[in-house]
Each structure stands twice: as C-alpha cells, then as structure tokens.
Amino acid sequence: MAKKKKQPKKTNEERILDDNQIQYTEMQFDWLSGKKRALEQVAKAGLKEESILKTIVCLGSGGPKDYLVVCLPIVGEIDLKMVARELGKKQIHLADNKKLIKITGYIHGANTPIGIHAFKEFPIYFDKRVKDFSEVCVSAGKVGRSVRLSLSQLVELVDGQFIEVSDKDI
C-alpha cells in the first residue's frame with residue numbers, strides 16, 4: 001500500500017486567501033540555492049519570471065513608523081527616488097534587513113504583501129509594469145514557498161495601488 005504524500009501545513013497567508021475565497025496554487029521555488037536555479041524552476045513551471053514578485057519593505061521620510069511595501073518583478077529593479085516622487089515623499093529608504101522580522105514579522109525572503117497587509121496594515125504598492133499580468137506569484141510567508149493567484153484579487157485584498165517604481169525594462 002502506497003503512502004499518501006503528506007500535504008504541507010498551510011501558512012497564515014494561505015489561510016487568509018482561503019478565508020477570502022481567493023483561489024491560488026502553491027508553488028515551490030528554491031531561492032536558497034540561488035536565483036538562477038529558482039528561475040529555472042519558474043521557467044519549468046511555464047511561468048514568466050516577470051510574474052514572480054518580490055516584496056520590498058521601505059521606510060519613508062515621515063518618521064520611524066512610515067513603512068510601506070513595494071511589489072515588483074523578481075528580475076526588476078526599484079528606483080527609490082522615483083517611488084518617493086510617486087508617493088510625494090522626500091525620501092524612501094530600504095528597511096534594514098536585520099530588523100525585518102521586527103518590522104514585518106517575516107525574515108528576509110519570506111515577506112509577503114498578504115501577511116504584511118493583514119498583520120501590519122502597511123500601504124502596499126505594485127509596479128505598474130505588472131499591471132497586465134492576470135496572475136502573479138508572491139511569497140506565501142515562508143522562504144521558497146509562493147502562491148500563484150489573480151493579480152486583481154491580490155491588489156483588492158491588500159488595498160494595493162499601482163505606481164511607477166522604475167523606468168527600466170523588465
């Protein structure tokens with residue numbers, strides 16, 4: 001008799017999606033072995049690497065609690081000056097990676113707009129360059145574990161907005 005494959009325990013983010021009746025597919029990408037290996041897995045899954053979003057936590061110029069989140073393609077770059085202009089702030093800085101767990105509750109590589117919105121209520125912004133994707137992947141709250149879901153449902157769930165984050169092509 002064959003053993004059943006044990007399903008991994010759902011993350012809080014997957015439970016949030018379930019509670020909001022948002023369909024998703026769990027994805028696994030091995031970012032710990034390097035970006036090249038993970039992007040090979042993305043291609044093998046038939047996904048465009050531009051549809052895999054990274055979650056960047058930033059600190060605005062409004063004080064020590066002026067955090068915000070920018071989601072952009074894993075292969076894209078962020079122009080902090082452009083983001084500051086878009087949001088009407090003097091400056092935007094990357095949050096301190098060493099303090100991410102205190103700031104967001106996640107370690108570097110596991111930050112997710114789903115959980116950050118639900119638990120921290122930071123404003124969430126999406127790169128305008130991904131606006132035409134029907135589906136994207138974001139972290140499921142654990143390094144290497146992602147969820148693939150509808151971009152429009154994700155943006156609605158996290159009260160997201162689209163902004164210019166870079167003038168470079170992805």
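One-based numbering along the sequence shown.
- Two residues are said to be in side-chain contact when any heavy atoms from C-beta on lie closer than 4.5 Å; Ile16 and Thr11 fail this criterion.
- Here Lys44 pairs with nothing under the side-chain contact (heavy atoms from CB on, under 4.5 Å) rule; sequence neighbours left out.
- Remark: Ser152 pairs with Ser150 by the side chain to side chain donor-acceptor pair (under 3.5 Å) rule, at least two apart or across chains.
- No side-chain heavy atom of Val147 sits less than 4.5 Å from a side-chain heavy atom of Thr25.
- Screening residues 119-141 for salt bridge (Lys or Arg N to Asp or Glu O under 4.0 Å), with sequence neighbours left out, gives Asp127-Arg129, Glu135-Arg148.
- The side-chain heavy atoms of Met82 and Asp167, taken from C-beta on, include a pair separated by under 4.5 Å.
- Screening residues 130-149 for ring pair (Phe, Tyr, Trp, His ring centres under 6.0 Å), with sequence neighbours left out, gives no hits.
- For residues 152-165, no pair satisfies salt bridge (Lys or Arg N to Asp or Glu O under 4.0 Å), with sequence neighbours left out.
- Under the side chain to side chain donor-acceptor pair (under 3.5 Å) criterion, the residue pairs touching residues 64-77 are Asp66-Lys89, Glu77-Lys168, with sequence neighbours excluded.
- Counting only heavy atoms from C-beta outward, the side chains of Val136 and Ile52 never approach each other to under 4.5 Å.
- Under the side-chain contact (heavy atoms from CB on, under 4.5 Å) criterion, Ile101 pairs with Ile107, sequence neighbours left out.
- Hydrophobic cluster of Leu87: the remaining members, joined at side-chain heavy-atom separations below 4.5 Å, are Ile56, Leu68, Val70, Leu72, Ile78, Leu80, Val83, Ile92, Leu94, Tyr125, Ile163, Val165, listed by chain and number.
- There is a path of hydrophobic side-chain contacts, each under 4.5 Å, that joins Val138 to Ile103.
- Glu13 and Ala140 get closest at one heavy-atom pair: OE1-O, 3.0 Å.
- Taking 4.5 Å as the limit, some side-chain heavy atom of Leu154 sits within range of a side-chain heavy atom of Phe126.
- Taking Thr104 as the reference, Asn111 meet the side chain to side chain donor-acceptor pair (under 3.5 Å) condition, with sequence neighbours excluded.
- Looking only at side-chain heavy atoms (C-beta outward), Cys137 and Leu53 stay at 4.5 Å or farther from each other.
- Residue pairs that meet the ring pair (Phe, Tyr, Trp, His ring centres under 6.0 Å) test with at least one member in residues 75-113, sequence neighbours left out, do not exist here.
- Checked against side chain to side chain donor-acceptor pair (under 3.5 Å), Arg15 has the following partners two or more places apart in sequence or in another chain: Asn12.
- In this structure a side-chain-to-backbone donor-acceptor pair under 3.5 Å is present from Asp79 to Lys81.
- When the salt bridge (charged side-chain N to carboxylate O under 4.0 Å, His left out) test is applied to Asp18, the partners found at least two apart in sequence or on another chain are Lys10.
- Between the side chain of Thr112 and the main chain of Ser139, a donor-acceptor pair closer than 3.5 Å is present.
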